Amino acid sequence: MKTSDEMKSTYSALRAAAEAQLGNSQPHEVWTLHAEKLLHELHVHQIELEMQNEALRQAQQALEESRDRFVDLYEFAPVGYLTLTVDGMIADINLTAVTLLGRERDKLLNRSLRMWLIDDDKDRWVRHFKAVKNRTEKISIELSLLRGDDTVFQAQLDCVSNGATVRSTLIDITERKLIEEELRIAAVAFLTQNGIMITNSEGVIQRVNPAFTQLTGYTANEAIGKTPAMLQSDRQDSLFYQQMWLTLKENGYWQGEIWNKRKNGQIYAEMLNITAIYSSEQRVTHYVGSFSDITQNKEAEAEIHRLAYYDSLTKLPNRRLLQDRLDQAIIATARSGMYGAMFFIDIDHFKALNDSRGHDVGDLLLVDVAQRLLDGVRENDTVARQGGDEFVVLMETLGKTADETALLAASLGDKLRMALAAPFNLRGYEYHCKTSIGIGLFDAQSTVEELFKHADLALYQAKTSGRDRLHFFDPAMQDALEQRSILEAALRQVVALQQLRLYYQPQLDAKHRVVGVEALVRWQHPQRGLVLPDAFIPLAEDTGLILPIGHWVLETASEQIKAWENDTQMSVLQIAVNVSARQFNQPDFVKQVQNVLASSGANPARLKLELTESMLLEDVQDTIAKMHAIKQLGVLFSMDDFGTGYSSLSYLAQLPLDQLKIDKSFVRNISRSKNDESIVCAIITLGLGLKMNVIAEGVETEVQRVFLAMHGCHEYQGDLFSRPLPLPKLEAFLKLA
Ligand code: C2E
Ligand code: CA
Ligand code: CA
């Protein structure tokens with residue numbers, strides 16, 4: 001709308017314009033007409049103007065609206081926008097960027113962006129900014145920015161320069177970085193030594209890693225699209241897989257050992273972990289299976305198990321496994337209410353075979369015996385090797401009563417003995433084997449320890465009552481066993497309590513002159529009186545107590561030699577000392593003899609050591625070497641109990657022996673057994689041939705003495721002349737002689 005002032009000035013302007021066109025001379029009507037015309041034009045013009053104004057106003061409004069839209073767009077854009085001055089100061093910043101930085105806009109404007117960078121990024125930013133200013137294209141940088149609350153976020157800035165300012169976007173890439181990192185880790189993890197396969201929820205393989213191919217032999221192409229069943233061996237039944245899936249569905253995780261098959265058919269053991277992967281709605285999307293080859297571990301494990309529980313020679317369960325089985329058997333009798341039996345089986349004179357034919361032949365026999373025992377029992381029975389030549393057969397659920405079981409066990413035991421009685425062919429050598437068997441019965445009340453003791457004791461009795469037979473455990477033996485342990489306890493103290501005594505049994509030559517004595521030990525027991533060696537020497541040998549006892553005997557005999565040194569009659573006597581195998585086999589035995597001789601001051605030539613052939617069972621060469629070393633000291637040797645052992649004659653010639661002692665069992669049979677007489681004669685002949693002295697022990701009768709004398713025996717010892725005597729009586733005997 002025009003104001004009236006504006007109208008007036010418009011009118012005078014019109015008039016001036018009309019005058020200029022028409023001049024002053026025109027009549028008034030002309031003027032009026034003209035003025036109206038002009039007025040009309042003016043009016044039209046005015047309308048046009050107003051229309052223009054309206055359009056303008058609308059345009060302006062549109063402009064204003066669009067500017068508001070732009071500001072919204074700018075401020076609330078999904079990315080931050082920064083305008084930076086050439087000095088790197090923030091000239092403008094949108095709300096998104098302000099929010100990202102977590103500070104007020106005022107605190108950000110006109111400050112350097114550098115202020116909000118972590119120290120490590122400051123220099124990098126400065127270099128980057130310089131580069132941006134020198135170029136026209138967009139350059140990106142990733143920075144760690146500090147928020148107002150001092151937390152840090154990962155930002156990506158895309159910067160571009162227009163010469164005057166630098167504009168940059170700002171986005172938070174913290175999460176993306178984390179995901180990238182995880183992906184990188186996952187990618188590296190995928191390349192481990194462990195085989196990995198990823199299946200979908202249906203168990204169809206989607207991906208496998210290189211180690212999978214290495215371990216299974218299947219390439220990724222061969223595996224993808226199949227299920228892990230492609231690796232299945234038949235070592236697990238379907239129940240195993242059902243259990244596995246059940247656990248997996250319940251816990252989302254399964255771990256275990258599993259036998260699988262490689263592409264080449266080879267079976268291998270793997271340790272497998274399966275983990276389910278869930279979507280955010282807790283639906284299984286994938287399964288990840290990761291496995292390593294543990295075949296070698298399994299094999300080692302099996303090997304260790306075999307070594308720990310099985311005898312390597314016969315492959316039978318060893319004592320340890322036997323104990324386990326026995327435990328089980330006792331439990332089984334509790335369930336069944338039946339009795340079982342345990343058989344201790346010992347090969348008679350196995351050592352003799354070992355010694356005469358060599359250990360490998362002995363081993364052959366053990367293997368064959370194991371096989372025959374296995375063939376002779378039921379499938380559920382256990383055959384074990386206790387060690388050495390001792391086998392054990394364990395039979396469960398034999399009978400309903402002890403009597404019935406004993407009858408059955410006796411016939412089964414005889415069957416086993418029969419099975420072992422048939423000749424063995426040991427590399428062409430026919431061997432006849434005899435066995436002793438001890439039997440212990442058990443029921444639910446038995447204990448493992450007790451049963452072992454019983455069977456052992458029964459075997460012991462089978463052996464002591466002549467071998468080649470069966471013997472049941474009987475409770476009377478239990479007493480004997482207890483006596484034995486009481487005896488053992490007392491025997492431990494015997495040297496310290498000075499309860500040992502030496503008796504001396506004279507040895508005479510063909511002219512009835514006493515040339516020596518055999519020292520025989522006795523135990524002066526406070527309650528039991530004088531105990532003979534047969535009642536405690538075997539126990540001393542079993543327990544190792546023979547070592548201190550034997551040492552005491554050696555010492556005492558040496559001291560006696562020294563004590564007799566100045567007596568004309570006694571000083572010529574030789575004292576024979578019995579040395580047990582165990583004592584002789586001590587590594588320092590030579591040294592012990594040397595020390596005893598030195599400390600007693602005895603004349604070594606008066607000392608004679610009686611050895612038995614069992615000495616040669618251990619290490620023949622070592623025995624020979626030791627004997628020579630002792631011989632060097634001047635000490636003599638006699639081979640005791642000669643003829644009862646199994647030593648081969650070829651060894652005998654190598655031993656520095658001075659004497660052979662014919663065992664009393666042969667002497668006893670003179671005039672009773674032609675066979676034994678022949679043996680006596682052969683020993684004498686052998687001794688003469690080897691230039692050894694021959695002595696007969698256990699000479700009780702004149703008949704025996706005459707027979708021996710007739711065949712050239714040099715010396716005699718026995719009750720015919722004198723029993724073993726305590727020292728004073730021996731001295732009295734000698735003075736009389
Ligand atoms: P041995 O070495 O064969 O000793 C001979 C045994 O025969 C002695 O029994 C002796 O008393 C006995 N005897 C002697 N003459 C006759 C006889 O005419 N008839 C009969 N029936 N027997 C006779 P002893 O003293 O009871 O010794 C038994 C075994 O004990 C010895 O047999 C020997 O093996 C062992 N022994 C004895 N003293 C010792 C020792 O100091 N150390 C070791 N390691 N063993 C010993
Ligand atoms: Ca002897
Ligand atoms: Ca003897």
Side-chain angles (χ1 to χ4, degrees), residues 491 494-495 499-508 514 516-525 529-560 574-586 589 592-593 596 607-615 636-645 657-670 672 680 683 694-705 707-708 713 715-727 729-730 733:
L491 197 58
V494 85
V495 175
Q499 292 172 348
L500 292 177
R501 305 283 179 270
L502 272 194
Y503 275 49
Y504 299 93
Q505 185 171 38
Q507 299 178 328
L508 291 81
V514 177
V517 292
E518 178 177 5
L520 294 159
V521 72
R522 270 97 184 92
W523 178 5
Q524 188 63 57
H525 191 282
L530 198 66
V531 183
L532 289 175
D534 284 343
F536 67 91
I537 293 289
L539 177 63
E541 272 170 352
D542 280 357
T543 55
L545 290 168
I546 192 67
L547 301 181
I549 293 173
H551 195 264
W552 178 87
V553 172
L554 190 62
E555 231 169 28
T556 309
S558 298
E559 280 159 13
Q560 197 54 59
Q574 267 185 341
I575 301 188
V577 167
N578 292 285
V579 175
S580 82
R582 198 159 171 174
Q583 191 183 357
F584 184 85
N585 286 329
Q586 293 172 97
F589 184 67
Q592 285 183 29
V593 174
V596 165
L607 181 65
K608 183 156 65 187
L609 301 184
E610 286 196 9
L611 308 182
T612 59
E613 288 164 278
S614 59
M615 216 85 64
L636 307 180
F637 282 111
S638 178
M639 181 58 88
D640 202 359
D641 303 344
F642 191 70
T644 61
L657 287 171
D658 301 280
Q659 188 177 58
L660 294 181
K661 199 171 195 182
I662 307 171
D663 187 61
K664 51 184 174 290
S665 63
F666 301 117
V667 175
R668 189 192 308 130
N669 282 340
I670 288 174
R672 280 195 276 181
V680 169
I683 295 173
V694 179
I695 184 169
E697 70 174 359
V699 182
E700 292 179 344
T701 66
E702 193 51 31
V703 175
Q704 291 162 354
R705 190 195 65 76
F707 179 92
L708 290 160
C713 187
E715 291 178 17
Y716 310 87
Q717 177 186 344
D719 293 355
L720 179 65
F721 313 100
S722 165
R723 310 186 54 119
L725 303 169
L727 186 63
K729 288 207 175 138
L730 174 75
F733 177 85

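Predicted model, so just to flag it, every value in this text is computed and none were measured. For ligands, and for the atoms within them, numbers begin at 1 and follow the listed sequence. Positions are given from 1, in the same order as the sequence printed here.
Of all the atoms in ligand 1, the ones that sit under 4.0 Å from a non-hydrogen atom of Glu697 are 3 (O), 5 (C). Of all the atoms in ligand 1, the ones that sit under 4.0 Å from a non-hydrogen atom of Val553 are 41 (O). Numbered from 1 in the order shown, with element, the atoms of ligand 1 that lie under 4.0 Å from a heavy atom of Asp641 read 3 (O). Heavy-atom proximity to Ser580, at under 4.0 Å, picks out these atoms of ligand 1: 44 (N). Shown in contact with Gly718 at under 4.0 Å from a heavy atom are these atoms of ligand 1, numbered in order with element: 15 (N), 18 (O).
Side-chain atoms of Arg582 come within 3.5 Å of backbone N or O of Glu541 as a donor-acceptor pair.
With rounding to the nearest 0.5 angstrom, the CG atom of Leu491 is 11.0 Å from the CG atom of Asp542. Rounding to the nearest 0.5 Å places OG of Ser665 at 8.0 Å from CG of Asp641. In this structure, the separation between CG on Leu508 and OG on Ser722 is 8.5 Å, given to the nearest 0.5 Å. We find the CG-OG distance between Asp658 and Ser638 to be 8.5 Å, quoted to the nearest 0.5 Å. Glu613 contributes atom CD, which lies 9.5 Å from atom CG of Asp663 (distance to the nearest 0.5 angstrom).
Residue contact check for ligand 1: Gln583 places no non-hydrogen atom closer than 4.0 Å to it. Distances from ligand 1 to the non-hydrogen atoms of Gly550 include no value under 4.0 Å. For the pair Glu518 and ligand 1, a heavy-atom separation below 4.0 Å is found.
A side chain to side chain contact (heavy atoms under 4.5 Å, CB included) with Phe536 is found for exactly one of Ile546, Leu545, Val521, namely Val521.
With hydrogens left out, the protein atom closest to atom 13 (N) of ligand 1 is Gln505 OE1, 4.0 Å, a heavy atom. Remark: minimum distance from atom 24 (P) of ligand 1 to any protein heavy atom is reached at Pro533 CG, 3.6 Å. Atom 28 (C) of ligand 1 has as its closest protein heavy atom Asp534 OD1, 3.4 Å. Taking atom 21 (N) of ligand 1 as the reference point, the nearest protein heavy-atom neighbour is Glu700 OE2, 3.2 Å. Nearest to atom 11 (O) of ligand 1 among the protein's heavy atoms is Pro724 CG, 3.3 Å. If you check which protein heavy atom lies closest to atom 45 (N) of ligand 1, you get Asn578 CB, 3.7 Å. Counting protein heavy atoms only, atom 39 (C) of ligand 1 is closest to Val521 CG1, 3.6 Å. Among protein heavy atoms, atom 23 (C) of ligand 1 sits closest to Asp719 OD1, 4.1 Å.
Residue-level proximity to ligand 1 for Arg723 is absent, since no heavy atom of it falls below 4.0 angstrom. With a heavy-atom cut-off of 4.0 Å, Asp640 touches ligand 1 through its side chain alone. Only the backbone of Val699 comes within 4.0 Å of ligand 1, counting heavy atoms alone; no side-chain atom from C-beta on gets that close.
Annotation: Glu541 places no N or O atom under 3.5 Å from an N or O atom of ligand 1; distance criterion only.
Glu610 and Lys661 are joined by a salt bridge, as a carboxylate oxygen and a charged side-chain nitrogen come within less than 4.0 angstrom of each other.
No other N/O/S atom of Glu518 lies as close to the Ca ion (ligand 2) as OE2 does.
Side-chain atoms of Gln507 and Glu518 include no donor-acceptor pair closer than 3.5 Å. Between the side chains of Glu697 and Gln717, not a single donor N or O lies within less than 3.5 Å of an accepting N or O.
Heavy-atom proximity to atom 3 (O) of ligand 1, evaluated over Lys664, Arg582, Gln704, is greatest for Lys664.
Counting only heavy atoms, the protein never gets under 4.0 Å from atom 9 (O) of ligand 1. Proximity of atom 34 (O) of ligand 1 to the protein is not indicated, since no non-hydrogen protein atom lies closer than 4.0 angstrom.
Counting heavy atoms from C-beta on, the side chains of Tyr503 and Leu530 come closer than 4.5 Å. Side-chain atoms of Phe637 and Gln659, non-hydrogen and from C-beta on, never get closer than 4.5 Å to each other. Under the 4.5 Å side-chain criterion, counting only non-hydrogen atoms from C-beta, Asn578 is in contact with Asp640. Counting heavy atoms from C-beta on, the side chains of Ile662 and Val694 come closer than 4.5 Å. No side-chain heavy atom of Ile537 sits under 4.5 Å from any side-chain heavy atom of Asp534. For the pair Arg705/Phe721, a side-chain contact is recorded, criterion being any heavy-atom separation below 4.5 Å from C-beta on. Put simply, the side chain of Gln560 reaches to within 4.5 Å of the side chain of Leu727, judged on heavy atoms.
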> Given Leu554 and Trp552, is the side chain to side chain contact (heavy atoms under 4.5 Å, CB included) satisfied, shown in steps?
Replying inline: CA-CA 5 Å; Leu554 190 62; Trp552 178 87; over 6 Å; no
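Around the Ca ion (ligand 3), the protein atoms of type N, O or S found under 3.0 Å away are Asp640 OD1, Asp641 OD1, Glu697 OE1, Glu697 OE2, listed by chain and number.
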